[in-house]
Amino acid sequence: MGNYINRKTMLDARSVHSIMEDTCQKIAPLWSLENFVAVNPYWGLRDKSFEEAANLLSKTGGVQMTMPVSFYLDAVRKKEISYDDLENALSGYDEFEDVSVHDFLKQVERESDANRPRRRVALVADVAAQLTAKDWSAWMIERISGWAAAYFDKGQALWRTAAPGQDIFTSWKIETLTDVTPYIMGLRGFGKALKTLPNEPFQAATESIERLQLTEKSLGIYLHTLLQRVGGWSAYMAGLDWDNRLYGGEQGHLLMFLSALLSWESCLLDSVQQPDLKKHWQENIKQLEEIGNEKQVDSLLGHRLILQQAYDNANQRQLIQQVNKANTKKYIPNREPLVQAIFCIDVRSELFRRNLEHVSSRVQTMGVAGFFGFPVEHVPIGHETGENQCPVLIPAKTKVMEVIPEIEAHQKAVKQRLLHHQVEKAWKSFKKGAVSCFSFMGPVGISYLPKMYTDAFGLTRPVPHPASEGIKYGAYQQADISLDVRQLNDQAVGMSMEEQIEMAFSALKAMSFTDHFARIVLIAGHGSSSVNNPHATGLDCGACGGHSGEANSRVAVKVLNNPAVRKGLAQRNIFIPDETLFVAALHDTTTDDVQLLNEEELPESHLADLTELKEWLALAGRISRSERAVRLLTDTGKDIDKAILRRSKDWSQVRPEWGLAGCNTFIVAPRERTAHIDLGGKSFLHSYNWKSDEDFDVLELIMTAPMVVTSWINLQYYASLVDNKNFGSGNKTLHNVTGGIGVLEGYSGDLRVGLPWQSLHDGEQYQHLPHRLNVVIEAPIEAMNKVLEANGIVKNLCDHGWINLLAMNEAGQITQRYLGNLRWTSVSESEKGALVA
């Protein structure tokens, strides 16, 4: 770190480094398109209240954390928000203690969402733009984004322009010193100023801070604004640091990137040909200090925050009334079902589970995080490295391989896939080569016409499914997961018997599924089908790291069907009957088809039962497709099944499915609390029985993992809706994939984060609404408080308004609301609905 001291501002190196690190922690991670999992973009601000975060982000990035006032006033007019909802929201603010709802609404109506000047943080680029009428910020983003796309390229580019083996700061500095655009833009001293900065990133950052004459009071808010200005690439580097922290790799990507941004700003200050720039910059530093010290929320923002709270209150009220009314009569589930079907907690599973149970009373469904308690790294056929099939919050524990049992068939499949990739690479180079591209279009390009025709009309799939790419379909169907312990590239793969027993025990405990096993237990992972969709993995299983849950389902079934594992479980008081058969399946959430994965291995003793199960799954799929078709605006006059299937293969389709749009609730309780309720495909459902959770270890696991993940999903949708410019990805039809990492909207600009607008709106109305997640847990309040007290991150999420926590009693009634700081209050009489004693 050195002993460098900024003499003008009295900022020593240790303080600078600490402030830089703290600022980097405010940036939420982003993962690349190959595993595009949901991210809470406010994650780095979880130690602040929702209101404090809204105030800070509005100043540093111009970020909106609510909808426009008109949206809420419209909801009031439609009676979606009641006066009671508004009164409850106002009661949380001392300054509105004596203000009636009527007077508040009149005051709000006089305010305007537009034409209201707000104090915001300005960078050197902004001050220079005001003096020179040149958009230096947009230019900076364009140049940095171009370098970053080349540096992090994952093989998309034919020619790699960034030198391999260099760290982020070194690569950026070399690239920028050879870039002639600063000179063209009139910054003739830019290169000279950059050359004089140290080559070591932190030293360059510290010297840049001295050149900028930033003070300790101004530095934090300035750095936060600087990272937000290139927020997409900042988030991507935060994601790299996240993974390296989880798996013991080298961190500091975002710190080096911040050093590059600081260097850029300081060089810009020194090279813009405007004599008054430094004077205006000094005035701006004083404003930075003032803005950083301001705690008061702007009145317009304050009004919108109250309206948002009222909107959340209305959603909670409707949920409480729906659940409590439905649970006035005791629901008695089938205690001896033929089939127990375990699905992911995903909201799309709620709809299918409800329809499956409706089709047959002999089916009982359960919900658990879709990796099923088996956090594995899955190595596909012909690959040397694997994919982490687990939530990004936890590391994969073991590596397993995809194999074809017949050795010769497996070796042949490996050769096919390797050859396919080599040919594809060569063909891509030929098509896009400087010499061959024109000749390709003539004699060769015309041969693509038949394929283009069938693809355009949805008769064929434009590209092979990623799982089976490069392998003949017949061979791919024979593929399975091997748990045998072996070596792969000097690394151990497979699972020992001890690991299998431990994972099986933990998984069954997490499901509250330790007895009363049915004859057939279906474990259904889920994935999606779409083409020409950069965000396709965002429709797969987030609990499986943005991949299909097929591998986890196969592993779980292979482990739980193993007699040796069952013997080990019996020694831990979990007794699985010999006649119980675990069956792997994959639920395609786009088409609602459910495919059995290990059908050829199933014994004859269960074939009649499985035939019946397949009929139930097919019928539930047809009902589910009919239900989803209405929301997808599919022409119901045609064959719905064919229309939905065609949609999954249509390369012009911007909405192959709605994903998790609408998600607003997470219910942790036995299935009988919700089995008779239509939750509209908006609720995550996790099976849990607190009476069998003696030490409440499972409750702690649920509240610290699935509850956090569902909050991430909910807040990604929320943020993408309320501010798609900063936390979404804009118009899907304008997307260009860059570096195989993410998308740009158009041909340049920052890396876009979050969801495209087409994933939130159908062209006529919103398909997702701005509701913060309601979490309903059936467990003693003392037990939940103990979990909150022991886990600061989870407590912050609940205390600061990022999650609305509710308690359900043993009668299935929602009766208590969490207030924060381990305090609870009874749900009001107007909310309770048909509450029973």
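Heavy-atom neighbours of Gln287 CD from other residues, nucleotides or ligands within 6.0 Å: above the threshold of 12. No more than 12 heavy-atom neighbours from other residues, nucleotides or ligands sit within 6.0 angstrom of CD on Gln296. Atom NZ of Lys399 has more than 12 neighbouring heavy atoms from other residues, nucleotides or ligands inside a 6.0 Å radius. Within a 6.0 Å sphere centred on OH of Tyr747, heavy atoms belonging to other residues, nucleotides or ligands number 12 at most.
Distance alone, capped at 3.5 Å, places no donor-acceptor pair between the Thr181 side chain and the Ile184 backbone. Side-chain atoms of Ser145 come within 3.5 Å of backbone atoms of Gly749 as a donor-acceptor pair (strictly under, hydrogens ignored). A donor-acceptor contact shorter than 3.5 Å is absent between the side chain of Asp723 and the backbone of Met65. No side-chain donor-acceptor contact under 3.5 Å links Asp270 to the backbone of Ala193. Panel note: side chain Asn293, backbone Glu290; no donor-acceptor pair is recorded below 3.5 Å. Counting only distance, with no hydrogens or angles, the side chain of Thr225 and the backbone of Ile221 share a donor-acceptor pair below 3.5 Å. A donor-acceptor pair under 3.5 Å is absent between the side-chain atoms of Arg211 and the main chain of Cys267, judged by distance alone. Between the Asn791 side chain and the Val794 main chain, no donor and acceptor come within less than 3.5 Å of each other. For Lys278 (side chain) and Leu212 (main-chain N/O), no donor-acceptor pair under 3.5 Å exists by modelled atom type. Of the possible donor and acceptor atoms, none in the side chain of Tyr236 sits under 3.5 Å from a partner among the backbone N and O of Leu240.
For His17 and Phe202, the gap between ring centers is short of 6.0 Å. Between Phe727 and Tyr42, a ring centre-to-centre spacing shorter than 6.0 Å is recorded. Taking the ring centroids of His535 and His735, they lie under the 6.0 Å cut-off. A distance below 6.0 Å separates the ring centres of Trp264 and Phe190. The distance between the ring centers of Trp802 and Trp43 does not fall below 6.0 angstrom.
Taking the six-membered ring for Trp and thresholds of 30 and 60 degrees, Trp233 and Phe152 have nearly parallel ring planes, at less than 30 degrees apart. Between Phe169 and Trp172, the two ring planes are tilted [angle within 30° to 60°].
Of the charged side-chain nitrogens involved, none lies within less than 4.0 Å of a carboxylate oxygen, so that Glu283 and Lys279 do not count as a salt-bridged pair. Salt-bridge formation is detected for the pair Glu294/Lys59: a Lys NZ or Arg NE/NH1/NH2 atom is positioned less than 4.0 Å from an Asp or Glu carboxylate oxygen. With salt bridges taken as basic N to acidic carboxylate O contacts below 4.0 Å, none links Asp126 and Arg120. With salt bridges taken as basic N to acidic carboxylate O contacts below 4.0 Å, none links Lys786 and Glu700.
At a threshold of 4.5 Å between non-hydrogen side-chain atoms, the residues Pro182 and Leu268 do not count as touching. Counting only heavy atoms from C-beta outward, the side chains of Cys663 and Thr710 never approach each other to under 4.5 Å. Thr738 is listed as a side-chain neighbour of Leu744, based on a closest heavy-atom distance under 4.5 Å. Contact check for Trp242 versus Leu254: no side-chain heavy atoms found under the 4.5 Å cut-off. Using a 4.5 Å heavy-atom cutoff, the side chains of Pro29 and Val39 are in contact. Here the side chains of Leu45 and Leu56 are in contact, with some heavy-atom distance below 4.5 Å. Proximity of Trp31 to Phe36: side-chain heavy atoms (C-beta onward) are nowhere separated by under 4.5 Å. Between Leu288 and Val121 the shortest side-chain heavy-atom distance falls below 4.5 Å.
Side-chain polar atoms of Glu265 and Tyr222 form a donor-acceptor pair below 3.5 angstrom.
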Would you please test Gln389 and Glu377 for side chain to side chain donor-acceptor pair (under 3.5 Å) and show each step?
-> CA-CA 6 Å; Gln389 299 276 151; Glu377 180 185 342; over 6 Å; no
For side chain to side chain donor-acceptor pair (under 3.5 Å), just list the numbers for Asn804 and Tyr818, CA-CA rounded to whole Å, side-chain angles, deciding distance to a tenth of an Å, and then say yes or no.
-> CA-CA 7 Å; Asn804 299 312; Tyr818 183 72; over 6 Å; no
Check the pair Thr176, Asp179 against side chain to side chain donor-acceptor pair (under 3.5 Å), reporting the backbone distance first and the verdict last.
-> CA-CA 5 Å; Thr176 306; Asp179 187 358; over 6 Å; no
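Note that the NZ atom of Lys725 and the CZ atom of Arg752 stand 9.0 Å from one another [nearest 0.5 Å]. Atom CG of residue Asp167 and atom CD of residue Glu250 lie 8.5 Å apart, to the nearest 0.5 angstrom. Annotation: the span from Leu246 atom CG to Leu393 atom CG amounts to 8.5 Å, rounded to 0.5 Å. Put simply, SG on Cys544 and CG on Asp540 are 9.0 Å apart, with the number rounded to the nearest 0.5 Å.
Glu289 pairs by the salt bridge (charged side-chain N to carboxylate O under 4.0 Å, His left out) definition with nothing, not counting sequence neighbours. By the side-chain contact (heavy atoms from CB on, under 4.5 Å) test, Tyr183 pairs with Arg188, sequence neighbours left out. Looking at residues two or more places apart in sequence or on another chain, you find no side chain to side chain donor-acceptor pair (under 3.5 Å) involving Ser720.
When Glu387, Lys154, His547 are each tested for a side chain to side chain contact (heavy atoms under 4.5 Å, CB included) with Glu34, only one passes: Lys154.
Val37 and Val392 get closest at one heavy-atom pair: CG2-CG1, 3.7 Å.
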